[in-house]
Amino acid sequence: MAKGTTFFFLFSSLLVLFLSSVSADKDDHEDQQVYIVYLGALPSGEGYTPMSDHMSILQEVTGESLIENRLVRSYKRSFNGFAARLTESERKKIAGMERVVSVFPSRKLKLQTTSSWNFMGLKEGIKTKRNPSIESDTIIGVIDTGIYPESDSFSDQGFGPPPKKWKGTCAGGKNFTCNNKVIGARDYKAKSKANESARDYSGHGTHTASTAAGNAVANSNLYGLGNGTARGGVPAARIAVYKVCDNEGCDGDAIISAFDDAIADGVDVITISIILDDIPPFEEDPIAIGGFHAMAVGVLTVNAAGNNGPKISTVSSTPPWVFSVAASITNRAFMAKVVLGDGKILIGRSVNTYDLNGTKYPLVYGKSAALSTCSEDKARLCEPKCLDGKLVKGKIVLCDSSKGPIEAQKLGAVGSIVKNPEPDHAFIRSFPVSFLSNDDYKSLVSYMNSTKDPKATVLKSEETSNQTAPLVASFSSRGPSSIVSDILKPDITAPGVEILAAYSPDSTPTESEFDTRHVKFSVMSGTSMACPHVAGVAAYVKTFHPKWSPSMIQSAIMTTAWPMNASGPGFVSTEFAYGSGHVDPIAATNPGLVYELTKADHITFLCGLNYSSDHLRIISGDNSTCTKKLSKTLPRNLNYPTMSAKVSGTEQFNITFQRTVTNVGMKNSTYKAKVVTSPGSKLSIKVLPRVLSMKSINEKQSFVVTVSGDSIGTKQPLSANLIWFDGTHNVRSPIVVYAMS
């Protein structure tokens, strides 16, 4: 588990999102406000021109031929959309267009430590509706590296005794005390009882636990960065700690034991930000096995999708009974300026807490400081045992690799400037570093080549607004699943970039031997950070619906998610990056309809994957068997909130998805089907029936979705969205069809 990680959200269908308040000109724009209109993924056809499409939509809605004063800006690189000044009647007209999913009024976003929760709409204090008594009875099980119990994020001031349903214990070992906030702890890594301790010596578990359910702590920051109030999604909830990892890694048997205990202890939600190095079959996956047992007794397991993106088929969390979370970028970024000797300023990404006090130091490129035993290509990366310490000491070293500064610091460099391979998130290092974009890095190299005595300084990081948010982080693992081709994974996206949360002073912010900092809060990035956000949302939803099953909670979160899109071509720019979209906590409490699943449904699903009875029982833990009838079940007919199918890329196809929804909204409600496809889509989609008339709460009704098309090739999946709309609820399910070579 690397120290440091990211957040980003994208939109896959036409979405109108009012992002920023604009003071209307009293003469010309008395009743107009600015809305941002998202049109989803850019069509793959060569004939499509985004700007022309945007102007055409505006002309149609406004009835004006000249719309220069209406069009604020067009988005046409990473995603498709535009910002425009619209009246209320024009907004309604756009919202009613066939290609439109929904319309949201804009909010001004304030930058603060917990900007991720505010960004998702879960505001602090009385600004968010809560059920305090039920939230206080909610228990989140954190399977991770332990916890730092003395953190203010885990103080039990104001908490009553643990919930009556709690059956666990405080077996945290030496130097560990539970309280009415951290109500239980177990250590599975200790080699003996004498060494047993659930304390967190890496910081990872403390960070994830506080993100999910930490108390609100004012004036939280990392040496001034991100100062504000840090808090979890459900601050009144209790935490149970299960330590299965240390600096040597995480053991599968310990993970199974942790699941076993957590289920028996009475937790409501399990968050496990642990990623497997490989992607084993379900019967060899401890998280799949443990998660199945949790699901069977009503406990939802939330798991990180993995940090091996943007390469496809790297998502490691693939069971449909485990909620898989991708990472996105929020509206906040940490930037570190590089000031050159000639006064030019370059701005890079970095969580840099160090200050060189404006002193400019000599610059040296790694390749120019190479030892004779090392090639230039390796030296430019600043690889270990490649740099000459005499040429590096006291200088700022340029490295083409994000790991290069570690070697430079060992040899006495005062700082480093790095070519950033992943410019959508910042790294944290143990001395002054800035990570520049390719263009700025080339500019710096050009300055060095043209200057006799090149110098520069690296400034302490500043917090800025990230104008590109939200997008899926580049490191976030992508689908399709290599285990199950017809289940869309990951499921959902949540903030996972530059997240500030509680940390363990028993550790340091980096793994560097030179890092002497010991902090109570730190900044990290990764799907490990996204995972507890969704666990917190799941717990929040459960406080409003205590009797809902894991599948109902998962469905509610998925079908109410903000539509998204990701940057880049091919599979990395589709639902295989972000799943259903970006989590929306408030909307998830009122989904209207849900897709329910039982243990029996998942067993049928496994039988459809041709599981033998022996392998099936490894997962189910009972005497379940696969009959011939069950073995003929198509996995894509699992009653999942998304629909995905792998087809031949060279032939016509006609496939069906069978689904059943349960009414959890209003009785006597009528839902009408609406299919939203991207411009130029080659998919033909039919829904039968197209109208669902619900007479009572918990009533179930079924429907069939038929998707057909011609040869689609293997370069770009095709997608659409099915939306059931009753005038209040938009129950949205992505549909993805793809082929692979």
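Worth saying up front: this structure is predicted, and the values here are computed from it rather than measured.
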Engineer: Do T574 and Q716 make a side-chain contact, defined as non-hydrogen atoms from C-beta onward lying under 4.5 Å apart?
Structural biologist: yes
Engineer: Out of the candidates I557, L597, V594, only one should pair with M552 under the side chain to side chain contact (heavy atoms under 4.5 Å, CB included) rule; please name it.
Structural biologist: V594
Engineer: Could you check whether any side-chain heavy atom of L86 comes within less than 4.5 Å of a side-chain heavy atom of L58, counting everything from C-beta outward?
Structural biologist: yes
Engineer: Please report the C-alpha distance between S317 and S324 in whole Å, then the side-chain angles of each, then the deciding distance to 0.1 Å, and finally whether the side-chain hydrogen bond (donor to acceptor under 3.5 Å, both in side chains) criterion is met.
Structural biologist: CA-CA 6 Å; S317 177; S324 309; 2.8 Å; yes
Engineer: So V736 and T642, do their side chains get closer than 4.5 Å, heavy atoms only?
Structural biologist: no
Engineer: Quick one: closest heavy-atom pair of P591 and T589, and the distance?
Structural biologist: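 Residues P591 and T589, closest heavy atoms: CD-C, 3.6 Å.
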Engineer: Kindly determine whether F576 and V472 satisfy side chain to side chain contact (heavy atoms under 4.5 Å, CB included), including the steps that lead there.
Structural biologist: CA-CA 10 Å; F576 290 119; V472 174; over 6 Å; no
Engineer: Nearest 0.5 Å, please: how far is CG in L606 from CD1 in I603?
Structural biologist: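 Between atom CD1 of I603 and atom CG of L606 there are 7.5 Å.
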Engineer: Looking only at side chains, do S733 and Y595 share a donor and an acceptor under 3.5 Å apart?
Structural biologist: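 Short answer, yes.
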Engineer: Is the number of heavy atoms from other residues, nucleotides or ligands within 6.0 Å of NZ (K672) greater than 12?
Structural biologist: no
Engineer: Locate the shortest heavy-atom distance separating I492 from G581; write the atom from each residue and the value.
Structural biologist: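 Closest pair (atom of I492, atom of G581, distance): CD1-O, 3.5 Å.
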Engineer: Is there a side-chain contact between N590 and F544 (heavy atoms, below 4.5 Å)?
Structural biologist: no
Engineer: Identify the residue among V299, I140, N303 that makes a side chain to side chain contact (heavy atoms under 4.5 Å, CB included) with I270.
Structural biologist: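 Testing each of V299, I140, N303 against I270, the sole residue satisfying side chain to side chain contact (heavy atoms under 4.5 Å, CB included) is V299.
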Engineer: Could you check whether Q701 and Y671, counting side-chain N and O atoms only, form a donor-acceptor pair closer than 3.5 Å?
Structural biologist: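 Short answer, no.
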Engineer: Starting at CE of M643, measure out to CG of N721 and round the result to the nearest 0.5 Å.
Structural biologist: 10.0 Å
Engineer: Quick one: which of M740, K489, R478 gives a side chain to side chain contact (heavy atoms under 4.5 Å, CB included) with S313?
Structural biologist: M740
Engineer: Looking at P490 and A577, what are the two nearest heavy atoms and their distance?
Structural biologist: CG-O, 3.6 Å
Engineer: Within the side chain of N637, is there an N or O that forms a donor-acceptor pair under 3.5 Å with the backbone of Q658?
Structural biologist: yes
Engineer: Is the side chain of R659 donor-acceptor paired with the backbone N or O of P641 at a distance under 3.5 Å, no angle test?
Structural biologist: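 The answer is no, because no donor-acceptor pair under 3.5 Å joins these two groups.
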Engineer: Do side-chain atoms of R732 reach the backbone of A561 as a donor and acceptor pair under 3.5 angstrom?
Structural biologist: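 Yes, because the side chain of R732 sits within donor-acceptor range (under 3.5 Å) of the backbone of A561.
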Engineer: Compute the centroid of each ring, for W321 and then for F282, and state whether the two points are separated by less than 6.0 Å.
Structural biologist: yes
Engineer: Return yes if a side-chain donor-acceptor contact under 3.5 Å exists between D491 and Y640, otherwise no.
Structural biologist: yes
Engineer: Closer than 3.5 angstrom, by distance alone: can the side chain of T314 be matched with the main-chain N or O of S477 as a donor-acceptor pair?
Structural biologist: no
Engineer: Treating Y738 as the side-chain partner and S485 as the backbone partner, does any N or O pair qualify as donor plus acceptor under 3.5 Å?
Structural biologist: yes
Engineer: From L630 CG over to N610 CG, what is the distance, rounded to the nearest 0.5 angstrom?
Structural biologist: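 Nearest 0.5 Å value for the CG-CG distance: 12.0 Å.
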Engineer: Is T604 reaching over with its side chain to a backbone N or O of A600, donor-acceptor style, under 3.5 angstrom?
Structural biologist: yes
Engineer: Are F323 and I553 close enough, and set up right, to give a side chain to side chain contact (heavy atoms under 4.5 Å, CB included), and what steps lead you there?
Structural biologist: CA-CA 10 Å; F323 207 178; I553 295 172; 5.9 Å; no
Engineer: Can you check whether H582 reaches M120 side chain to side chain, under 4.5 Å on heavy atoms?
Structural biologist: yes
Engineer: Within the side chain of N663, is there an N or O that forms a donor-acceptor pair under 3.5 Å with the backbone of K695?
Structural biologist: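 Side chain of N663 to backbone of K695, a donor-acceptor pair under 3.5 Å: no, none is there.
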Engineer: Are side-chain heavy atoms of I499 and H533 found at a separation under 4.5 Å?
Structural biologist: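 Yes - at least one pair of side-chain heavy atoms lies under 4.5 Å apart.
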Engineer: For the atom pair CE (M529) and NE2 (H425), what is the distance rounded to the nearest 0.5 Å?
Structural biologist: 12.0 Å
Engineer: Please evaluate residues I279 and I483 with respect to the criterion side chain to side chain contact (heavy atoms under 4.5 Å, CB included), reporting the C-alpha separation (whole Å), side-chain torsions for both, the decisive distance (0.1 Å), and the verdict.
Structural biologist: CA-CA 8 Å; I279 307 175; I483 303 297; 3.8 Å; yes
Engineer: Heavy atoms only: give me the nearest P734-L488 pair and the separation to one decimal.
Structural biologist: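 Scanning both residues completely, I find the closest heavy atoms to be CB-CD2, 4.5 Å.
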Engineer: How many angstroms lie between CG in D726 and CE in M666, if you round to the nearest 0.5 Å?
Structural biologist: 4.5 Å
Engineer: Report yes or no: does T527 contribute a side-chain atom to a donor-acceptor pair with the main-chain N or O of G306 at less than 3.5 Å?
Structural biologist: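 At least one qualifying donor-acceptor pair exists.
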Engineer: For the residue pair F292 and P319, establish whether any side-chain heavy-atom pair is separated by less than 4.5 Å.
Structural biologist: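 No; the side chains remain at least 4.5 Å from each other.
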Engineer: Taking all non-hydrogen atoms of both residues into account, name the closest pair between S528 and S273 and its distance.
Structural biologist: O-OG, 2.7 Å
Engineer: Is there a donor-acceptor pair under 3.5 Å between the side chain of N639 and the backbone N or O of E596?
Structural biologist: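 Flag set: sc N639 to bb E596 pair under 3.5 Å.
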Engineer: Using the side-chain hydrogen bond (donor to acceptor under 3.5 Å, both in side chains) rule, take D424 and S474 through it: C-alpha gap first, then chi angles, then the decisive distance, then the call.
Structural biologist: CA-CA 7 Å; D424 58 2; S474 57; 3.1 Å; yes
Engineer: Take V705 and L722 through the side chain to side chain contact (heavy atoms under 4.5 Å, CB included) test and state the conclusion after the steps.
Structural biologist: CA-CA 9 Å; V705 178; L722 167 62; 3.9 Å; yes
Engineer: Roughly how far apart are E283 CD and L616 CG, rounded to 0.5 Å?
Structural biologist: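 Answer rounded to 0.5 Å: 10.0 Å.
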Engineer: I'd like to know if the side chain of T128 and the backbone of K123 have a donor-acceptor N/O pair within less than 3.5 Å.
Structural biologist: yes
Engineer: Under 3.5 Å, is there a donor-acceptor pair linking the side chains of K700 and T662?
Structural biologist: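 Yes, because at least one side-chain N or O of K700 sits under 3.5 Å from a partner of the opposite role on T662.
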Engineer: Does the side chain of Q652 reach to within under 4.5 Å of the side chain of D710, using non-hydrogen atoms?
Structural biologist: yes
Engineer: What heavy-atom pair brings I275 and A304 nearest, and what distance separates the two atoms?
Structural biologist: CG1-CB, 4.1 Å
